[in-house]
There are 2 protein chains.
Amino acid sequence: LIEARDLVKTYIMGDEEVHALAGVTFTIPHGGYAAVIGPSGSGKSTLMNIIGGLDTPGGGALVINGADLGALDDAGLAGFRNRTIGFVFQSFNLLPRLTALENVELPMMYAGVAPAERRLRAGALLDRVGLGQRKTHRPTQLSGGQQQRVAIARALACRPALLLADEPTGALDTATTEEILRLFADLNAEGVTILIVTHEMDVARATHRIIEMRDGRIVADNPVPHH
Amino acid sequence: LIEARDLVKTYIMGDEEVHALAGVTFTIPHGGYAAVIGPSGSGKSTLMNIIGGLDTPGGGALVINGADLGALDDAGLAGFRNRTIGFVFQSFNLLPRLTALENVELPMMYAGVAPAERRLRAGALLDRVGLGQRKTHRPTQLSGGQQQRVAIARALACRPALLLADEPTGALDTATTEEILRLFADLNAEGVTILIVTHEMDVARATHRIIEMRDGRIVADNPVPHH
Ligand SMILES: Nc1ncnc2c1ncn2[C@@H]1O[C@H](COP(=O)(O)OP(=O)(O)OP(=O)(O)O)[C@@H](O)[C@H]1O
Ligand SMILES: Nc1ncnc2c1ncn2[C@@H]1O[C@H](COP(=O)(O)OP(=O)(O)OP(=O)(O)O)[C@@H](O)[C@H]1O
Ligand SMILES: [Mg+2]
Ligand SMILES: [Mg+2]
């Protein structure tokens, strides 16, 4: 599903160069389920944003679901994201004036889903992440872990082929984390390809493969033993 | 240092009542070092915001460093916060137009610290949290874990007597987390009272006492065995 070759991303600040990605190459098959781990600042979010079409690399090639992202303009990338990607942001990025339900409905509105259908689906997704009692709360009326779960539900609203989750359990207690990992395992069994950035080895070991980054590079890429 | 008795916080939404805090009572001695754990939505951030004078309880009593917070108006609470509290927010709350250095200097500006002195101290704090190479970056030019560390440095800028940290290592890898915990242990040895909200048992066990919450109440309060 994902073919990345020699991805590079450099930020120039005055006379300083930050090599956020310094040549990243890997392949994720259809139905793959991988964790991306590594120290703070090693380039994990930068990589996720590029894979999700939210950012462009300075160099290298990226093909997802047959689409060459380097050949797409802004409109093309937006269309690609809407059709293919579900993204859980490290800082959630919920719309503060919308309720939890409305935040989850938003991608479906863009996709032209009928109002009754999307209200039903948004409600079901919020139930599934344990927020059945919080549907009418706005982000400021939700705890950190509740906001994170709204972000997860929203990423799943349009049944994406590829789920990109940047630390989706960072704000969650152990029991809630396990519920979310069970949800991800179910989705993967249904054919959804999943990439999770995480700092927690328990979460990484729940996936099928661990890709380790350091200083903008991949330094290890191994299957998880029992998968 | 902290005496909390029967703290209550209820949110009313239409005909729904959310009991965020349902009667919280505990005492933290001077130089105490405690972790607050519990499920997502159990009231941890609500409790921290009230202890930090950022929110007021609906009922109950709270005395910190001899000050009865219930007797303070907004100006009094602001003064209390500036003098006594260092707060690390669950969502960081950095000012997006300021650099890391400027964000850390800000509390010192309010406290009237001279420019040369606060620039030196801000730089030293950023060095201490491993961000010596990121001082001129703005929040959008920092990774999630780097933003979190700026928030930690800022909380320490005015040498607070009480450090309140709401999930201060949530976005950090294991090695960086250990550095932050060593920093907190050093501060505690110097006499700083510390309350940490965390989801990670490793972090909780690095403190001296674990306070467990569930549904707005304290359900357990025990010393950590080797302390
Ligand atoms: N716009 C930018 N300008 C300059 N440097 C940047 C910018 N965005 C990110 N960086 C730098 O690029 C590096 C990689 O950032 P990235 O957000 O990908 O790290 P990360 O692995 O996700 O870290 P974390 O685990 O802390 O979230 C960091 O050192 C960061 O300071
Ligand atoms: N302004 C508000 N209006 C209504 N309900 C609220 C409001 N703020 C918080 N809540 C509710 O109060 C409860 C406690 O929230 P709090 O943020 O203290 O939880 P928490 O323990 O910090 O959770 P997390 O671990 O997810 O950060 C949650 O169920 C939340 O939905
Ligand atoms: Mg990141
Ligand atoms: Mg919280």
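The chains referred to below are lettered A, B, ... by the order of the sequence lines, with proteins before strands, and numbering in each begins at 1.
Side-chain atoms of B:H199 come within 3.5 Å of backbone atoms of A:A171 as a donor-acceptor pair (strictly under, hydrogens ignored).
For the options B:E167, B:M13, B:Q146, heavy-atom pairs under 4.5 Å to chain A are most numerous at B:M13. The candidate with the highest count of non-hydrogen atom pairs below 4.5 Å against chain A, out of B:R149, B:Q148, B:K44, is B:R149.
Between B:E16 and A:R134 there is a side-chain heavy-atom pair separated by less than 4.5 Å. Using a 4.5 Å cut-off on side-chain heavy atoms (C-beta onward), B:Q133 and A:V18 make no contact.
In A:D215, the CG atom is not crowded: 12 or fewer heavy atoms of neighbouring residues, nucleotides or ligands sit closer than 6.0 Å. Heavy-atom neighbours of B:D73 CG from other residues, nucleotides or ligands within 6.0 Å: above the threshold of 12. Residue-environment remark: CE (B:M109) stays at or below the threshold of 12 foreign heavy atoms within 6.0 Å.
The distance from the CG atom of B:D173 to the CD atom of A:E200 is 12.0 Å, given to the nearest 0.5 Å.
No part of B:Q147 comes within reach of chain A, as not one of its non-hydrogen atoms sits under 4.5 angstrom from that chain.
Of all the heavy atoms in B:S40 and A:S143, the pair that sits closest is OG-OG, 3.5 Å.
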